[in-house]
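Before any comments, here is the structure.
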Amino acid sequence: MSTGLPSQILLRSRARWQDIERRLSRRAHVHDIAFAPAYPPPVAMLRDARDKYVAAAPKRSLEKELFPSSSPRGGQNGNIEQILKQPSRASSFFASQNARQPSKPSPPLRQRSANITNGKQASLSAANLSKSSQAFASLCARTDSFGDASGTTDLSGNDSTGISTGPSSRYIAGVLIDDDDFDDDLDLDIDTVPVTNLPTLPPPPPRVSGSTRLGRSEPPPPATDTSALSWSQSSDRHFQPSHGSHKTARSAGNSVTAKRETPEHASSPPVAKKRALPPSFAKRSSARDEVDGDCIITKSTVAASTPAPKKPSTLWDATASAVQAQKKQLKTQWKKSSDSAPEPSSTTMQVRRPAKPQAARSAAIALSNEQRHVKDLVVEKGHSVFFTGPAGTGKSVLMRAIIQEFKRKYARDPERVAVTASTGLAACNIGGMTLHSFSGIGLGKEDVGTLVKKIRRNPKAKNRWLRTKVLIMDEVSMVDGELFDKLSQIGRTIRNNGRPWGGIQLVITGDFFQLPPVPDHGGKQRESKFAFEAATWNTSIDHTIGLTEVFRQRDPVFAGMLNEMRLGRISEQTVQNFRALSRPLESSDGLEVTEL
Ligand SMILES: Nc1ncnc2c1ncn2[C@@H]1O[C@H](COP(=O)(O)OP(=O)(O)OP(=O)(O)O)[C@@H](O)[C@H]1O
């Protein structure tokens with residue numbers, strides 16, 4: 001021993017000091033000669049040093065806090081194992097050891113002992129902490145301090161290392177792990193009760209023979225006792241057999257059995273439950289049930305699965321096939337009646353014959369030669385054509401035939417054909433839209449530049465202008481000439497094509513002797529002009545064709561009279577013929593005829 005030893009070692013317990021004194025006294029007594037010339041008597045020197053440090057240092061606290069395991073207090077005689085076997089002291093010890101590791105300030109796993117929270121350890125200086133570590137190292141080096149401690153640590157908590165684990169704490173590799181630190185795990189609601197008594201499932205029932213009669217009404221299977229299934233929390237009725245599935249399996253001759261079938265049920269013969277049908281079905285099949293009891297289920301099943309088709313309650317509820325059947329029936333009846341009965345009047349025929357769709361009627365009509373010529377010019381040769389003619393010459397019929405041909409031609413790209421008319425009603429007549437809607441110009445009062453910008457802001461209208469190859473225009477007599485010029489210029493601009501209408505093929509029809517364009521009385525008070533008066537009319541139209549054959553009137557004299565009126569050049573003979581038709585009008589319904 002010398003004065004160079006750490007002062008903390010000198011602060012050990014009084015008992016140890018006494019033990020040292022005793023030993024040194026013995027050594028001095030034996031080796032007095034060796035110590036005498038160079039050093040003062042060692043016992044006196046050490047006593048002085050002890051008194052000096054004991055008086056200077058807070059002995060009790062340091063002993064308690066820095067060397068709790070080596071303190072002889074409590075009669076432990078420096079045996080840490082005995083100290084640590086006391087839970088409270090062990091906790092205090094490890095808490096203080098953890099507090100002495102400033103380089104690893106890990107957050108506490110749980111509320112520590114008062115040694116940490118009372119501020120005493122926190123007030124220790126860094127130097128004291130370092131010294132404490134050294135002292136603890138020297139303490140650990142002492143074999144007598146740990147008794148029979150070995151160099152290994154048993155993480156299982158069994159006390160082979162001499163470090164006693166309390167009831168709720170373990171020391172693993174210098175880290176205190178308290179089992180209570182994982183108290184949150186207790187909140188996990190995991191049912192870990194081991195299943196020890198699992199019930200044995202019943203053996204599969206014997207195969208049901210296919211000769212089981214399904215029509216027999218037998219008592220339902222008894223409720224099975226599920227008290228043995230204590231391992232499940234399911235309701236008891238869940239363990240009762242499912243009759244529907246059993247019946248299906250048995251009827252199919254299948255050996256598959258429901259999982260929850262109990263042994264009692266498996267041993268009982270298979271039971272077929274008679275199906276309960278709705279009252280309406282039961283009434284219908286009751287007669288057959290009485291006759292053939294063996295086929296009750298089969299017949300009832302058929303009745304339930306394929307209900308009889310509903311009869312249409314009203315005429316307009318009929319399906320397409322029903323309408324077709326009615327048509328055939330009416331046609332047959334009409335043929336029979338026409339063969340047997342005298343020729344009915346035309347009025348009666350009009351009423352009786354079912355109205356055909358317009359497309360079907362036009363398809364049934366065979367085009368005349370002049371009509372066919374126009375259609376070939378338009379569809380086959382792709383010319384821009386304007387065809388006109390008096391009323392009843394078949395302009396509309398021809399136009400519908402042309403549209404049909406174009407739609408067939410551009411079936412993969414129907415946007416190539418634009419069907420328009422000057423008015424909404426005329427557009428509906430041919431299944432199209434108004435010319436204003438197609439072009440996207442609104443009322444079309446602005447100049448061409450403004451209208452072009454307007455169209456370019458409208459993607460749909462712009463797309464129509466760009467995609468259209470053929471423009472159909474019906475009732476052209478009501479299209480204003482100025483509008484016609486504007487549209488032609490718009491087509492050239494948007495399609496970036498210098499040809500009239502930007503190269504769009506025009507198919508125009510109408511009768512300029514009929515309704516004129518709507519005059520613009522709003523702004524400029526100008527007189528409206530016909531489309532054929534437009535500046536671009538002649539360049540836009542390749543062929544102008546006039547239909548002459550009138551189909552609406554078969555009387556050529558009457559057709560000639562109408563044609564004179566259309567042209568405004570009525571002959572004297574025509575005037576006399578019309579006056580000869582004059583007669584007093586009879587109005588038996590009380591309505592007065594308005595004179596124009
Ligand atoms: N090729 C044809 N064969 C038989 N009938 C035809 C033929 N073309 C037209 N018709 C009939 O002539 C009648 C008049 O046809 P449509 O209405 O097409 O004439 P329109 O010239 O359009 O008359 P409007 O100028 O008054 O509208 C219709 O009843 C139609 O069925």
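Just so it is clear, the values below take in all heavy atoms, side chains as well, and ignore hydrogens, waters and symmetry mates. Quick note: residue numbers are just sequence positions, from 1. Every number for a ligand or one of its atoms is a count from 1 in the order of the listing. What you see is a predicted model; the values in this text were computed from it and never measured.
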Less than 4.0 Å from some atom of ligand 1, heavy atoms are found in residues I365, A366, L367, S368, Q371, P390, A391, G392, T393, G394, K395, S396, V397, Q514, F551, R552
What closest approach, in Å, do G510 and K395 show between heavy atoms, and which atom pair accounts for it?
O-CD, 4.1 Å
Please report the closest heavy-atom contact between W537 and A531, naming both atoms and the distance.
CE3-O, 3.4 Å
Within the 3.5 Å criterion, strictly below it, is a donor on Q573 or N577 matched to an acceptor on the partner's side chain?
yes
Residue pair T450 / D447, side-chain donor-acceptor N/O under 3.5 Å
yes
Which pairs with one or both residues in residues 454-464 pass side-chain hydrogen bond (donor to acceptor under 3.5 Å, both in side chains), sequence neighbours excluded?
none
Run the salt-bridge test on D511 and R566 with the 4.0 Å N-O cut-off and return the result as yes or no.
yes
